[in-house]
Amino acid sequence: MPELPEVEVVRRGLERWVAHRTVADVEVLHPRAVRRHIGGGEDFANRLKDQRIGVPERRGKYLWLPLEPTGGAVLAHLGMSGQLLVQPAEAPDEKHLRIRVRFADELGTELRFIDQRTFGGLSLHETGPDGLPDVIAHIARDPLDPKFDDAAFHEALRRRRTTIKRALLDQSLISGVGNIYADEALWRSRLHYERPTTGFTRPRTAELLGHVRDVMNAALAVGGTSFDSLYVNVNGESGYFDRSLDAYGREGEPCRRCGTIIRRRPWMNRSSYFCPRCQRPPRAPSAS
DNA sequence: CCGCGAGCCTGAGGGC
DNA sequence: TGCCCTCAGGCTCGCG
């Protein structure tokens, strides 16, 4: 499940293998993979043809390839199961191959978008003065962005009448955090996922942000290693997904801090993993 | 305006 | 063996 670190690994791979190449031709094999492109698959393919790709950029879980010299960008979101692979042109098609991009050079490789569940997709958009695609202008900076404003985040957090995990997953407040790293950062911070954000103090916000950054940087460090091969990957091949998580996916196993059994609770059509001793629920025990 | 929850999508895995 | 149910969960949209 790609969150910020996984998407950044993909971005780096694209920078190495795809930047500065010119598109020769595009095949859209599944309409849902371009559903965010207003003009549809044929228009997507026609507009991308002959464009030169610049240095890939990322904000949160979105990444985009700037197009030169005309401007605009190919925006990519991996959703739940999306992958961007650079493959030899002669490699057999993957089962869930959705989009193929061929290049006008002799490198012999092509870019493939593969997505079993088609939550993700590619689309073309105009970009603002900062190079940001217009449709993601509402996405907040992510915590690894040097321009992320910790103080502004704290104030926004206190203004929201919501609970902390909801806030962490709200991409307009802070981007790049998904279910896994939210649970991990909350475990490290000893915070229950339903704690109201209204009462957060500056030190508490600062500690939480620190843990969010730590867990993301740790994942990034591991994900970035297996990188020399001709393979832009997400979803585990580089091994970081099975690295030691402290909370997520550990239902029934002992908390690494206190030994109490980690619990899983249904939450927002998904799950929250937490240590019932380290992460005490807020006082008025709502429907935890 | 804001918080909240349904629905999208497909394959793996468990129970019977 | 096969069917049905649950689970995975980021994001969009509509409701109150």
Side-chain angles (χ1 to χ4, degrees), chain A residues 1-11 28-38 58-64 75-84 93-99 113-123 125 133-140 142-143 155-186 193-200 212 216 219 234-236 241-242 245 247-252 262-274 282 286-288:
Chain A
M1 284 132 270
E3 299 184 27
L4 185 155
E6 291 78 10
V7 178
E8 173 60 17
V9 169
V10 173
R11 192 204 65 77
V28 176
L29 302 159
H30 195 304
R32 208 176 130 77
V34 290
R35 69 190 181 285
R36 294 186 187 91
H37 183 81
I38 304 300
R58 180 189 57 73
R59 174 174 288 194
K61 303 171 200 172
Y62 286 91
L63 65 85
W64 64 94
L75 183 66
H77 197 287
L78 301 174
M80 288 294 300
S81 53
Q83 292 175 289
L84 282 164
D93 288 1
E94 291 76 6
K95 181 174 180 190
H96 300 294
L97 177 62
R98 308 303 192 193
I99 298 170
F113 178 71
I114 295 141
D115 192 1
Q116 178 213 118
R117 291 162 70 186
T118 62
F119 276 35
L122 306 185
S123 48
H125 302 278
D134 51 14
V135 291
I136 60 165
H138 66 291
I139 300 290
D142 61 67
E155 295 307 322
L157 200 59
R158 288 180 55 92
R159 276 197 301 273
R160 290 293 173 98
R161 279 195 298 275
T162 188
T163 47
I164 187 57
K165 186 169 172 182
R166 271 187 177 279
L168 283 177
L169 297 182
D170 184 337
Q171 305 295 301
S172 67
L173 266 181
I174 179 172
S175 68
V177 184
N179 201 42
I180 297 171
Y181 295 122
D183 279 4
E184 291 301 299
L186 290 171
Y193 56 96
E194 286 195 317
R195 184 159 293 277
T197 56
T198 333
F200 267 54
V212 168
M216 284 183 167
V234 63
N235 275 0
F241 190 65
D242 61 356
L245 294 168
Y248 184 85
R250 296 195 67 238
E251 181 185 24
I262 298 287
R263 308 296 293 269
R264 178 176 74 92
R265 288 277 185 276
W267 182 84
M268 294 274 297
N269 275 338
R270 61 202 71 185
S271 296
S272 276
Y273 296 87
F274 69 109
S286 50
S288 98

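Here is the naming used below: chain letters follow the sequence lines, and residue numbers restart at 1 for every chain.
When Arg159(A), Arg166(A), Lys165(A) are each tested for a side chain to side chain contact (heavy atoms under 4.5 Å, CB included) with Thr162(A), only one passes: Arg166(A).
Of the candidate nucleotides dG10(C), dT12(C), dC9(B), dT12(C) has the atom lying nearest to any side-chain atom of Tyr62(A). Residue His96(A) places its side chain closer to dT10(B) than to any other of dT10(B), dC9(B), dG10(C). Which of dC9(B), dG10(C), dG5(B) sits closest to the side chain of Arg166(A) comes down to dG5(B). The side chain of His138(A) approaches dT12(C) more closely than any other nucleotide in the set dT12(C), dG5(B), dC11(C).
Annotation: Arg263(A), atom CZ; neighbour count of heavy atoms from other residues, nucleotides and ligands within 6.0 Å does not exceed 12.
In this entry the distance linking CZ of Arg117(A) with C1' of dG10(C) reads 10 Å, nearest Å. In this structure, Met268(A) places its CE atom 16 Å from C1' of dC7(C), rounding to the nearest Å. In this structure, Lys95(A) atom NZ and dC9(B) atom P are separated by 17 Å, rounded to whole Å. The nearest whole Å value for the distance from the CG atom in Asp115(A) to the C1' atom in dG10(C) is 11 Å. Per the geometry, CD belonging to Glu251(A) stands 16 Å off P belonging to dT6(C), to the nearest Å. Atom C1' of nucleotide dT12(C) and atom CZ of Arg32(A) are separated by 11 Å, given to the nearest angstrom. Taking atom CG of Asn269(A) as the reference point, atom P of dC9(B) lies 15 Å away to the nearest angstrom. Asp170(A) places its CG atom 13 Å from the P atom of dG10(C), with the value rounded to the nearest Å.
For dC2(B), the OP1/OP2 oxygens have no side-chain nitrogen or oxygen of Arg160(A) closer than 4.0 Å. At the phosphate of dT10(B), neither OP1 nor OP2 sits under 4.0 Å from any side-chain N or O atom of Ser81(A). Considering only side-chain N and O atoms, Tyr273(A) lies under 4.0 angstrom from the phosphate OP1 or OP2 of dA8(C). Under 4.0 angstrom from either OP1 or OP2 of dC11(C) there lies at least one side-chain N or O belonging to Gln171(A).
Atom CZ in Arg32(A) sits 9.5 Å away from atom CZ in Arg98(A) (nearest 0.5 Å).
In terms of position on DNA chain C, the residue among Ile139(A) and Ser271(A) whose nearest nucleotide sits closer to the 5' end is Ser271(A).
The base of dG10(C) sits with one of its N or O atoms less than 3.5 Å from a complementary donor or acceptor on the side chain of Arg270(A).
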Are Ser81(A) and Arg117(A) close enough, and set up right, to give a side-chain hydrogen bond (donor to acceptor under 3.5 Å, both in side chains), and what steps lead you there?
CA-CA 6 Å; Ser81(A) 53; Arg117(A) 291 162 70 186; 5.1 Å; no

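Within 4.0 Å (heavy atoms only), Arg264(A) reaches sugar-phosphate atoms of the nucleic acid but no base atom.
Residues Tyr181(A) and Leu4(A) form no side-chain contact, since every pair of their non-hydrogen atoms from C-beta on lies 4.5 Å or further apart.
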